[in-house]
Number of protein chains: 2
Amino acid sequence: MKSQIETTKPDPLENRWYNDACGTALALEFAGERWSLLIMRELMLGPRRFSDLRASLPGISANILTMRLERLRVLDILRRRQLDPPANVQVYELTPWGHEAEPIFQAMSRWALRSPLHDPTLPLTPVSAMLSLRAMLRPDHSAPPMTAGFRFGRDMFISELSGSNLHIRRGKPDVVDIEFDTDTTSLVRLVYGKQPLEALERQGLLTLKGDRAVAKVFVDCFELPAHVS
Amino acid sequence: MKSQIETTKPDPLENRWYNDACGTALALEFAGERWSLLIMRELMLGPRRFSDLRASLPGISANILTMRLERLRVLDILRRRQLDPPANVQVYELTPWGHEAEPIFQAMSRWALRSPLHDPTLPLTPVSAMLSLRAMLRPDHSAPPMTAGFRFGRDMFISELSGSNLHIRRGKPDVVDIEFDTDTTSLVRLVYGKQPLEALERQGLLTLKGDRAVAKVFVDCFELPAHVS
DNA sequence: CTGTATCCGTGTTGATACTG
DNA sequence: CAGTATCAACACGGATACAG
């Protein structure tokens, strides 16, 4: 069929699945293959290494991850970068345009979490837990600006809440108003399950530093969408 | 691996691809298979028949369409409905929750169309053309409220522009301020390519009814996002 | 005519093992 | 650690046949 000589490495760009000028179809051609969007999600809060990604995406196999990364790279959604010595490792990071995909994740989350099939006890990566906060920030909350730190083992984040904006970056939470040291599932139970802070602390699932009242104000800024039917 | 006896009809619900509490992963389990989102897109502006869908989704095969429809039905994203006599045909229509997926399409479109790989000359279905108008409505436009009708052969729509809202429904455009009789590609050239109305009319690609000045105001309410880099 | 089911060739996916 | 190679299983798309 193709008049073109077959190349050893198939060009990811000529693989057009849908022949459609529609933006949705185009997005699906870019990132509609299995795993692609989840890889992008894991990169939304900063560069990651190959093995980080593999560990965060339970079930993906190495060859598929390689293929997806290569395709996303060719499409200019992400880049591969060699870290300066002495680290000297390579990481994958989103391009500015890749970062602009975040509204897709927010729209998908807000829609899908309304299903009664959502199971909040399933595991969650630190990145998706943090991104979910941004997606589920109540537009009508009235909390004052504050900073909150999160420690999920080695993964640490600093978030700055200010009005309808929640800025998130990786980093050791040094000077923050409140700091949670926990795992992602417990954070979900606290923030979305409205499980009492004290109960989680008593079970040893969460440690809070900072003002307890401020922490409760923070938690109340977030809300899962209501289930359908 | 599975301790369960295999059923003749595999339950679409037990097919969990990603084991992840993240909303994005859940959305991808619901609608991440090939074609699913495009089927939903085609239903966003009203019920369609099996053969309508098949014709709108060039490349899908009948068995795949059947499988996707069944899965979306079980998930309560769409329903199958028997039209009253004398029509007596069955149609597929989104549930209210299915309709709530529209922000996903908007986010995907706005993101993907910024790629230089977007080819606006590819074919476009009437539904995606109309939906794109809603996605690409400039938030800062200052046009007064107006109604615009669209005829793409048998597919007819009425849109009501009012501030930042563009309501769209199927229907014969009877009492509208302006009416376009054209094909989707020409509409794209007019609205996003900013090709002059008169040029398209001269080529016989478009017929306008109503006030020409109003039509130009309408067209200027829409804008494609700028390409990256 | 509308929609569904079955068969089959092909390409994609993913688990395992392996290499620089 | 960061991938590559191999191979089996599955999903896809096309054709065809079937049912209302």
Side-chain angles (χ1 to χ4, degrees), chain A residues 1-2 6-12 14-19 28-29 31-39 42 47-73 78-83 85-93 154, chain B residues 1-2 6-10 12 14-19 28-29 31-39 42 47-74 78-83 85-93 154:
Chain A
M1 299 302 178
K2 288 178 185 169
E6 62 173 354
T7 52
T8 50
K9 291 217 172 190
D11 180 358
E14 79 179 40
N15 194 13
R16 303 219 114 203
W17 281 352
Y18 312 107
N19 208 49
L28 291 171
E29 280 179 358
E33 288 174 300
R34 215 187 146 182
W35 298 112
S36 290
L37 276 171
L38 295 185
I39 292 168
E42 284 303 308
R48 309 289 299 277
R49 304 182 57 167
F50 188 91
S51 49
D52 294 336
L53 292 171
R54 211 180 159 182
S56 295
L57 270 21
I60 196 172
S61 46
N63 53 353
I64 297 293
L65 180 54
T66 302
M67 287 170 52
R68 295 296 181 275
L69 288 170
E70 172 61 12
R71 182 172 170 85
L72 294 172
R73 192 190 63 74
L78 59 78
R79 276 194 261 274
R80 189 190 209 162
R81 186 160 61 91
Q82 190 85 345
L83 251 42
N88 241 342
V89 297
Q90 66 183 355
V91 293
Y92 296 89
E93 65 182 354
R154 259 162 241 83
Chain B
M1 297 304 177
K2 289 178 185 170
E6 62 173 353
T7 52
T8 50
K9 288 216 174 188
E14 78 178 40
N15 194 14
R16 302 219 117 204
W17 282 351
Y18 312 107
N19 208 49
L28 292 171
E29 280 180 357
E33 288 174 300
R34 215 185 148 183
W35 297 111
S36 289
L37 276 170
L38 296 184
I39 292 168
E42 285 302 309
R48 310 288 300 277
R49 307 183 56 170
F50 187 91
S51 50
D52 293 336
L53 292 171
R54 210 180 162 184
S56 295
L57 270 21
I60 198 172
S61 46
N63 52 356
I64 298 292
L65 180 53
T66 301
M67 285 171 51
R68 295 297 181 272
L69 288 171
E70 172 60 12
R71 180 172 172 85
L72 294 172
R73 192 188 63 73
V74 171
L78 58 77
R79 276 195 260 274
R80 188 193 209 162
R81 186 160 62 91
Q82 190 85 345
L83 251 42
N88 240 340
V89 297
Q90 66 182 354
V91 293
Y92 297 89
E93 64 183 354
R154 259 160 243 84

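Throughout, protein chains are lettered first and strands after them, A, B, ... in sequence-line order, and every chain is numbered starting at 1.
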Interatomic distance, [X] [atom1] vs [N] [atom2] [rounded to whole Å]:
X: B:Leu65; N: D:dA15; atom1: CG; atom2: C1'; value: 17 Å
X: B:Leu38; N: D:dC12; atom1: CG; atom2: P; value: 13 Å
X: B:Arg49; N: C:dT4; atom1: CZ; atom2: P; value: 11 Å
X: A:Asp52; N: D:dA2; atom1: CG; atom2: C1'; value: 12 Å
X: A:Leu53; N: D:dG3; atom1: CG; atom2: P; value: 10 Å
X: A:Gln82; N: D:dA2; atom1: CD; atom2: C1'; value: 11 Å
X: A:Arg81; N: D:dA2; atom1: CZ; atom2: P; value: 14 Å
X: B:Tyr92; N: C:dG3; atom1: OH; atom2: P; value: 7 Å

Next on the checklist: Pairing donors with acceptors under 3.5 angstrom, does anything connect the side chains of A:Arg71 and A:Ser36?
Outcome noted: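 The answer is no; no qualifying pair exists.
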
Who pairs with [X] by side-chain hydrogen bond (donor to acceptor under 3.5 Å, both in side chains), at least two apart in sequence or on another chain?
X: B:Arg80; value: B:Gln90
X: A:Ser61; value: A:Asn63
X: A:Thr66; value: none

Item to check | Contact under 4.0 Å: B:Gln90 side-chain N or O vs D:dG20 OP1/OP2 | outcome: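 Checking B:Gln90 against D:dG20: no side-chain N or O falls below 4.0 Å of OP1 or OP2.
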
Next on the checklist: To the nearest 10°, give me the bend of the helix from C:dC1-D:dG20 to C:dG20-D:dC1, comparing the axes of its five terminal pairs at either end.
Outcome noted: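 Answer for the end axes of this duplex: 30°.
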
Rounded to the nearest 0.5 Å, how far does [atom2] of [Y] lie from [atom1] of [X]?
X: B:Tyr92; Y: B:Asp52; atom1: OH; atom2: CG; answer: 11.5 Å
X: B:Tyr18; Y: B:Leu28; atom1: OH; atom2: CG; answer: 5.0 Å
X: B:Ile39; Y: B:Arg34; atom1: CD1; atom2: CZ; answer: 11.0 Å

Next on the checklist: Please classify the nucleic acid contact of A:Thr66 as base, sugar-phosphate, or nothing, using heavy-atom distances under 4.0 Å.
Outcome noted: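 Base, at least one base atom sits under 4.0 Å.
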
Checklist entry - A:Ala62: what forms a side chain to side chain contact (heavy atoms under 4.5 Å, CB included) with it, not counting sequence neighbours? => result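 Applying side chain to side chain contact (heavy atoms under 4.5 Å, CB included) to A:Ala62 gives A:Phe50, A:Arg54.
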
Item to check | Candidate pair B:Glu93 and B:Arg79, rule salt bridge (Lys or Arg N to Asp or Glu O under 4.0 Å), full reasoning | outcome: CA-CA 5 Å; B:Glu93 64 183 354; B:Arg79 276 195 260 274; 5.1 Å; no

Checklist outcome for this item: Nucleotide by nucleotide, nucleotides 13-20 of chain C touches protein heavy atoms under 4.0 Å in the pattern (B base, S sugar-phosphate only, - none) SBB-----

